[in-house]
Amino acid sequence: MDLTRRALRAAAARPRVLPAALPGGTPARLEAERLLRLRDWPVAATPAGADLLLVTGPDCPALHDPLARLWGDLPAPRARVHAATAAEVASALDTGRERLAAWSGRGSGAQGHAGGNDRVQEPPEGGGGHAHGQADDGDTGTGMPMPGGLPMAETGPDRDGLALDRLHLALGPFLCDWPTGLTVRLVLQGDVVQEAVCEDPAAPGGTPFWSGPWLRAAAGEPVTAGAAARHRAAATCDSLGRLLAVAGWPEQAVAARRLRDGLLAGAPAGALRGPADRLARRVGRSRVLAWLTRGIGRVDGGRTGGSAPAGPPGADGDATDRYRRWLDRLGRDVRHLDDPAPLDPYATESPRGPWEPAHPPSAALLALLPALLVGAELAAARLIVAGLDPDPEELAGAGVAPRG
Amino acid sequence: MVERGPWWTVAAAPLLLAALAALAVAADALLAARGAGRPVTLTAAARPFLALPRALVAGPRRLPAPDLLLWRAGVVTVPVAAVLSTLVIPFGNTVVADPSVGVVWFNAMEVTTWAALWLAGWGPNAAFSLIGGYRFLAQGLAYELPLMFALIAAATGAESLRVGDIAAAQQGLWYAVWMPVAFAAHLAGVLAFSFLGPFAHPAGRDAAGGVLGELSGPDRLLLQAGRWLWLASGAAMAVPLFLGGGAGPGLPAWAWSLVKTLLVLALLVVAARRLPVVRPDRYVELAWVVLVPLTILQVLVPALVVLGR
Amino acid sequence: MSATAAALSLLGLAALAVLGLHGAARALRVSADPLPVMPFGSGLEPAEHAVSRFHVRWYTVTMLFLAFDMEMVFMYPWTLVVSAMGPGAVIEMFVFLAILVAGVVYAWREGALRWT
């Protein structure tokens, strides 16, 4: 037992963290990502590979069940902490580490049956027909045995008219390198998306973080163009970080996120230009990345009458065109960080496109998703979402439905 | 001349392989620390090994209706096959065994990862894992043939499938020098069967960890270790096949083997970080239309040289 | 020690290491009670078992691969006899390979190497 305690203490020096970002908590998420990077606490992709569930952002009742699902799937020893604001993140991480180091199986969400009370008890009937999986092999009244309480996949026609097994899989709400609060329900045949439905994002309330300067300027508050450029550059780096992580290039994803953290921390313009140019050179000029993203998520921005789905001009082209435009804009923005002129929120593009209070740009990006995702492989689907990178917070902030 | 070592080399070979894999993990951790703006220290290099105590204390999980037998068989096969591949890899002038079909043995051990990773993806009965397992099969269709032609190019040059003979046949001129395409195809193949770096698609973060997604505790550690053991094994195999084995001036043969292996390993660790994931839906076309014909032409070169001798 | 004995010894050692790791984990783990969990679904419950007939759209590539894999069975022994058999061996092997590559080119033109 003493050896176990020593191993627990040793392992707690580097907890693997499963981040769960709640809508409206972007500053807390950014602070968490920064601290995890500096502390070398690896970010886990699934509960199986995690020790610490880190919830960031204001409490969101609509997401209680998915959070309980994640927490219930973490193997012991485990700990769960919640940081509602950026200021609470550091202490929440410390608390989590202490709980892991002193794990006793009691109090901090015990393994097995003792932990049963924080699990999802019974999903609502008819909510996609999910059966609870913890029951022993039982019957559902139809006479079909249901091992593990789950039905087998059923077949559906594919594009060639074959009847093939279909799996239902949701991307989001809690998925690594995924827009906060977004849920896309997929029907997959193999790893090919057959149907895609975007759910209405969970409403966070409050002002969306990334378009904040535009909202404030529109409301008459003084915002300088330099501050807006810094904010937009940071937003671009955040999007790039997600795209590069999804594209499987952790080295450059970390570089983009470091630059983002530097921008948000108010680092002087001179210190940021070098990293920004390096990112533009390594990522923007990478032929391999361009080859891998070419033709993915092609959108017709109104310039040609092609067969691609029509979208806003800012989303024109494929994933390669879009990330190259991000890098160009990033390069321009880091040269205007000290611009003292006031921001004209209607003349200057917000991070995700021209700002209109009634039609936030993310609404148009989200509306594009279902048509683009159908027929894509899972990897391409992730690249499409990360390459458009809609911000669901904008919709909730403006009170607009996603497909309005 | 490569000779069969005494009985204790059976134990020494896996230990050496594990040490090389650990060095690769530490080097990768240092590069990651530099990239993330953390201090590049010995502690930073040692931190990934905290996964060992973590794996030992983890409580077990039970998924609904998993295929436990096949799942575990798949996971265990990856590191075990990596260890078995060391049977034919000479270190200096010593090798555990030098069978007349050493190259085929290495190839066969490497091919078991196809079955192993598919099983590791199938076993947990989880959608993301299943996708990860199939991703490796698609990747295998792309990397395997260029790798096999690379191995055959080296074997043709020496007219032997005995690894020791191939190392000895490169007196003065390494195969890497006059068979650069085969050497490059071998290195790409090493990254591919280790599913690291540009070939990490089966364990991709975009599929929530793929084959790694539902693994916890010792099983997760075994599969992760298997990746790095294979990287070390592939780097060590490149030395007798393409870099003249233990031959070199001044130093003893074992030292040359060590230096060359470490250099190849360093090259692989750096290259793995430099590239994004190359998805099979793009790589298959490149592999079949460009790499397969190129490596076939590469085999023709040693065949003609052998005829001319 | 013969090669077979050495291979079996290596296998035994590797199996011992795996068993040792699992044994140590069994002795040190904080709980022996398996935690009932669900496969990861981004926080949502799975709707059905994941094990299913997977739509493999690259199946035509597997046919090509099979042809080349059979060819490899001939090519490994061929490497040993190149100089003994003379130019005939090289010509025969590469004519065979050329026929296979012609098949690859045909499959490529038919779009078999692209499935997205």
Side-chain angles (χ1 to χ4, degrees), chain B residues 7 10-11 13-14 55-65 67 76 79-80 83-84 86-87 96-97 99 104 122 124-130 134 138 141 144-145 148 152 155-156 159-161 208 213-214 217-218 221-222 280-281 284-285 288-289 292-293 296 300 303-304 306-307 309, chain C residues 1-3 6-7 9-11 13-15 17-18 21-22 24-25 28-42 46 49-52 54 56 58 61-62 64-65 68-69 72 75-76 78-83 86-87 90 93-94 97 101 104-105 107-108 113-116:
Chain B
W7 64 271
V10 171
L56 294 180
V57 295
R61 299 165 93 236
R62 191 182 66 223
L63 286 151
D67 202 330
V76 167
V80 168
V83 168
L84 284 178
T86 59
L87 179 75
V96 180
V104 184
W122 169 268
N125 189 12
F128 283 121
S129 299
L130 189 69
Y134 275 98
L141 293 172
E144 189 66 50
L145 283 177
M148 283 170 118
I152 283 176
T156 308
E159 274 201 278
S160 171
L161 292 167
E214 296 300 335
L221 184 72
L222 281 172
D281 62 289
V284 160
E285 193 174 10
W288 282 86
V289 179
V292 165
I296 287 177
L300 186 59
L304 294 178
V306 165
L307 278 185
R309 261 179 211 157
Chain C
M1 194 163 25
S2 78
S9 317
L10 265 182
L11 180 64
L13 277 179
V18 169
L21 183 74
H22 271 284
L28 289 181
R29 65 189 176 183
V30 294
S31 154
D33 217 5
L35 175 74
V37 296
M38 285 304 242
F40 179 67
S42 312
H49 284 287
V51 288
S52 56
F54 197 89
V56 176
W58 30 264
V61 188
T62 60
L64 270 184
F65 183 82
F68 271 88
D69 218 31
M72 287 296 174
M75 204 155 184
Y76 272 123
W78 168 85
T79 57
L80 304 179
V81 295
V82 176
S83 57
V90 175
M93 180 51 80
F94 281 85
L97 280 168
V101 170
V104 173
V105 172
W108 178 47
L113 304 182
R114 268 186 199 198
W115 62 86
T116 54

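A note on names: the letters A, B, ... follow the listed sequences, proteins ahead of strands, and every chain is numbered from 1.
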Top contributor to chain B contacts, counting heavy-atom pairs under 4.5 Å, from [options]:
| options | value |
| --- | --- |
| C:Phe54, C:Trp108, C:Phe68, C:Trp78 | C:Phe54 |
| C:Ser52, C:Ala17, C:Pro39 | C:Pro39 |
| C:Val18, C:Leu13, C:Val56, C:Leu21 | C:Leu21 |

Where on [X] is there a heavy atom nearer than 4.5 Å to chain B: the side chain, the backbone, both, or neither?
| X | value |
| --- | --- |
| C:Phe94 | side chain |
| C:Val51 | both |
| C:Val82 | both |

Next on the checklist: Let me confirm one number: the CG-CH2 distance from B:Leu141 to C:Trp58, rounded to the nearest 0.5 Å.
Outcome noted: 5.5 Å
Where on [X] is there a heavy atom nearer than 4.5 Å to chain C: the side chain, the backbone, both, or neither?
| X | result |
| --- | --- |
| B:Tyr134 | both |
| B:Glu285 | both |
| B:Val292 | side chain |

Checklist entry - Does the side chain of C:His22 come within less than 4.5 Å of B:Leu222's, by heavy atoms? => result yes
Item to check | Beyond-backbone contact of B:Glu159 with C:Ser83, side-chain heavy atoms, under 4.5 angstrom | outcome: yes
State, to 0.1 Å, how close [X] and [Y] come at their nearest heavy-atom pair, and which atoms those are.
| X | Y | value |
| --- | --- | --- |
| C:Met38 | B:Glu214 | O-OE1, 4.4 Å |
| B:Pro14 | B:Ala11 | CD-O, 3.2 Å |
| B:Leu307 | C:Gly86 | CD2-C, 3.5 Å |
| B:Met148 | C:Asp69 | CE-OD1, 3.7 Å |

What option among [options] has the most heavy-atom pairs under 4.5 Å with chain C?
| options | value |
| --- | --- |
| B:Val306, B:Leu145, B:Val104 | B:Leu145 |
| B:Ala208, B:Ala303, B:Gly217 | B:Ala303 |
| B:Leu221, B:Leu87, B:Val83 | B:Leu87 |
| B:Val80, B:Val76, B:Val289 | B:Val289 |
| B:Thr86, B:Leu130, B:Leu300 | B:Leu300 |

Checklist entry - Which is it for C:Val61 and C:Leu113 under the side chain to side chain contact (heavy atoms under 4.5 Å, CB included) test, yes or no, and what are the steps along the way? => result CA-CA 6 Å; C:Val61 188; C:Leu113 304 182; 4.2 Å; yes
Item to check | Working for side chain to side chain contact (heavy atoms under 4.5 Å, CB included), residues B:Asn125 and B:Leu63 | outcome: CA-CA 8 Å; B:Asn125 189 12; B:Leu63 286 151; 5.9 Å; no
